[in-house]
Amino acid sequence: VTESEQDKVIDRARALGVNLFETADGYAGGAMERRLGERLKGADDIRIVTKIGTDRETSVPRKRFDAKYLEAAFDACRERLGRDVLDVVLLHNPSTVALDGSEACETLAKLAAGGKLRAWGVSAGNAAVARAAIEKGAQVISLAVNVFAADDLASLSSDIDQKEVGLLAHSVLAYGLLCGHWSGDKAFADNDHRAERWTSDELRRRIRQLDALRPAVGGEVLSMRAAALRWVLHHRTVSSAVLGPRSCLQLDQLVREAGKGPPYLEDWALVALRNRLHEVGVDA
């Protein structure tokens, strides 16, 4: 995405009322943090979520959650974002082993207690990591949530409720799969992360399973993309859905199709969708 288009998407998001932006220190080597910091300078009503814990200074990027590294990464984020106090900082995809030690969570908790950070948490790869983070006192969890990935959210709902944890739902369109635009022989470029997410057989199976989502389109639900996004938003435990628009056109479509508020999907439509997903081998 060109820099000029990045600026247009950020500006358009603000104009549409979007008040939360999610990034990471590793995205474009920190360049996205710097761009958000410059573009959102002085916007006190805007919250920025960033993620730390991946050391890209080595020849092969590696996870690091020791206090010394996290403190240095945190200070670098503050400099790039141009903010003395950061809104939300998440540990970027740690393992349960990394969370078992107290160092990583204690480091962010200490920064919050010192007034440098409003809230801390974990971007979790699975329910076990998210649950471990909540037990350690995480205030925010970022989790993959979509109609093809519902188990983790279901198993964590009671923990999220009891601890009053903020939940950011990412991968809501399953990296584009749920838009319903791909054919069975879809192929990704070698440098596209999606090339490693599914085998050819798995991708074809998932595309066939999309037939369960198609009947949800109708009335105010304008597309499969809208149905997938609204399914995420209907969960009361979801605080915010993290989108990934690459253009103003995509952003406008997503905001328009999300609707203005609950009910995002009618009860009968949710039940019917759940039944169809079950029939094709998906629990939702």
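Computed from a predicted model, the values in this text were never measured in an experiment.
Side-chain N or O atoms of Glu33 include none that pairs as donor or acceptor with a backbone N or O of Leu81 at under 3.5 Å. Using modelled atom types, one side-chain atom of Arg47 and one backbone atom of Asp44 make a donor-acceptor pair closer than 3.5 Å. With Arg80 contributing its side chain and Met32 its backbone, the two residues share no donor-acceptor pair below 3.5 Å. Asn146 places a side-chain N or O within 3.5 Å of a backbone atom of Ser171 that can act as its donor or acceptor partner. One N or O on the side chain of Gln139 and one on the backbone of Trp120 form a donor-acceptor pair closer than 3.5 Å. With hydrogens and angles ignored, the 3.5 Å screen pairs a side-chain donor or acceptor of Arg194 with a backbone N or O of Tyr175. Panel note: side chain His92, backbone Ile52; no donor-acceptor pair is recorded below 3.5 Å. Checking side-chain atoms of Gln6 against main-chain N and O of Val1 turns up a donor-acceptor pair under 3.5 Å.
Under the 3.5 Å distance criterion, with hydrogens and angles disregarded, no donor-acceptor pair is assigned to the side chains of Thr199 and Asp201. Side chains of Gln253 and Arg256: a donor-acceptor N/O pair is absent below 3.5 angstrom, by distance only.
More than 12 heavy atoms of other residues, nucleotides or ligands sit less than 6.0 Å from atom CD of Glu202. Within a 6.0 Å radius of CZ in Arg246, other residues, nucleotides and ligands contribute 12 heavy atoms or fewer. Few gaps surround CD on Glu5; more than 12 heavy atoms of other groups in view lie less than 6.0 Å from it.
Residues passing the salt bridge (Lys or Arg N to Asp or Glu O under 4.0 Å) test with Glu106: none are found, sequence neighbours excluded.
Taking hydrophobic clusters as Ile, Leu, Val, Met, Phe, Trp and Tyr residues chained together by side-chain heavy-atom distances below 4.5 Å, Val145 shares a cluster with Val282.
Between Arg56 and Asp25 there is no salt bridge, since no side-chain nitrogen of the basic residue lies less than 4.0 Å from a carboxylate oxygen of the acidic one. The pair Asp7-Arg35 meets the salt-bridge criterion, with a side-chain N (NZ, NE, NH1 or NH2) lying under 4.0 Å from an Asp/Glu carboxylate O. Under a 4.0 Å N-O distance rule, the pair Lys68/Asp66 does not qualify as a salt bridge.
Applying the side-chain hydrogen bond (donor to acceptor under 3.5 Å, both in side chains) test to pairs two or more places apart or on separate chains, those with a residue in residues 9-18 are Asp11-Arg39, Arg12-Asp252.
Other cluster members for Val242: Leu20, Val49, Val88, Leu90, Val140, Leu168, joined by side-chain heavy-atom distances under 4.5 Å among Ile, Leu, Val, Met, Phe, Trp and Tyr.
Taking both residues in full, the closest heavy atoms of Pro94 and Ser123 are given as CD-O, 3.6 Å, listed atom of the first, atom of the second, then distance. Nearest heavy-atom pair, Leu213 versus Leu178, reported as atom, atom and distance to 0.1 Å: CD2-O, 4.0 Å. The heavy-atom pair separating Gly53 from Leu70 by the smallest distance is CA-CD2, 4.3 Å. Shown here for Ala124 and Leu143, the closest heavy-atom pair between the two residues is O-CD1, 3.9 Å. For the pair Trp198 and Leu177, the tightest heavy-atom approach, listed with the atom from each and the gap, is CZ2-CD2, 4.2 Å. The two residues Val280 and Ala212 make their nearest non-hydrogen contact at CG2-CB, 3.9 Å.
One finds the CG atom of Leu117 at 13.0 Å from the CG atom of Asp84 (value rounded to the nearest 0.5 Å). Rounding to the nearest 0.5 angstrom, the gap separating the CG atom in Leu277 from the CZ atom in Phe148 is 6.5 Å.
Ring centers of Trp182 and Phe188: under 6.0 Å apart, within the cut-off.
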